[in-house]
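Below is one structure, written out as structure tokens; comments come after it.
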Amino acid sequence: VQLQASGGGLVQAGGSLRLSCAASGFTSDYYTIGWFRQAPGKEREGVSYISMSGGSPFYASSVKGRFTISRDTAGNTVYLQMRSLKPEDAGVYYCAARRGNRLIASAWTEEKLYDYWGQGTLVTVSS
């Protein structure tokens, strides 16, 4: 399994970006994808989460209402549409995949539960 994150870049505060996470190697939709980010000097944190087989997505409270996660099961790709970006949204964004059932709301941010990680894409937000 491989994950390829892309779409990062430099954007002004208030702007938008769309990140993509392309997954290869899965033979069914029985997996889930989480987006995480890590700002310089800070711990990595969960941003959003979606199951490829259905169910409501999850969002960190800091991005709720501004970010939207979606999936394209035919293309094995997950998107993270980010709007109204703030300087504190800057960092390296990683996508991670977990085989199996959708995680519950209290568990999706646990990094150890994920089986595969992408290489990260850098988001820079200028103020």
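Just so you know, residue 1 is the first one in the sequence shown, and it goes up from there. Since the model is a prediction, treat every value here as computed from it, not as a measurement.
Cluster membership check: V63 shares its hydrophobic cluster with V11, using side-chain heavy-atom separations under 4.5 Å among Ile, Leu, Val, Met, Phe, Trp and Tyr. Following chains of ILVMFWY side-chain contacts shorter than 4.5 Å, one can reach V92 starting from W117, so the two form part of one hydrophobic cluster. Residues Y31 and F58 fall into different hydrophobic clusters, defined by Ile, Leu, Val, Met, Phe, Trp and Tyr side chains chained together at heavy-atom separations under 4.5 Å. When hydrophobic clusters are built by joining Ile, Leu, Val, Met, Phe, Trp and Tyr residues whose side-chain heavy atoms come closer than 4.5 Å, directly or via intermediates, V78 is grouped together with V47. Tracing side-chain contacts under 4.5 Å through hydrophobic residues (I, L, V, M, F, W, Y), one never reaches L19 starting from F36; they form parts of separate clusters.
When side chains are defined from C-beta on, Y93 counts as touching M82, because their heavy atoms get closer than 4.5 Å. Side-chain contact check for Y59 versus W108: every heavy-atom pair is 4.5 Å or farther apart. The side-chain heavy atoms of Y94 and L3, taken from C-beta on, include no pair separated by under 4.5 Å. The closest side-chain heavy-atom distance from D115 to V1 is not below 4.5 Å.
For residues 64-87, every residue pair satisfying the salt bridge (Lys or Arg N to Asp or Glu O under 4.0 Å) rule, not counting sequence neighbours, is listed here: R66-D89. Note on residues 38-53: pairs passing salt bridge (Lys or Arg N to Asp or Glu O under 4.0 Å), not counting sequence neighbours, are R37-E45, R44-E111.
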Please tabulate, one pair per line, all N/O donor-acceptor pairs under 3.5 Å involving side-chain atoms of residues 95-104, not counting sequence neighbours.
from	atom 1	to	atom 2	distance (Å)
R98	NH1	L113	O	3.0
R99	NE	Y116	OH	3.1
R99	NH2	Y116	OH	3.4
N101	OD1	Y30	OH	2.8
R102	NE	S56	O	3.2
R102	NH2	S56	O	2.8

What do the steps show when you test E88 against V125 for side chain to side chain contact (heavy atoms under 4.5 Å, CB included), and what is the final call? CA-CA 8 Å; E88 52 264 41; V125 183; over 6 Å; no
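Of the possible polar contacts, none joining the Q4 side chain to the G118 backbone as a donor-acceptor pair under 3.5 Å is found. Not a single donor-acceptor pair under 3.5 Å links the side chain of S20 to the backbone N or O of Y79.
One distance of note links OG of S51 with CG of D29; it measures 8.5 Å at 0.5 Å rounding. Taking CH2 of W35 as the start and OG1 of T121 as the end, the distance is 7.0 Å to the nearest 0.5 Å. Taken from CG in L80 to CD1 in I69, the straight-line distance is 6.0 Å, to the nearest 0.5 Å.
When all heavy atoms are compared, the tightest approach of P87 to A13 is CD-CB, 4.2 Å. Annotation for S84 and S16: closest pair N-OG, 4.4 Å, computed over non-hydrogen atoms.
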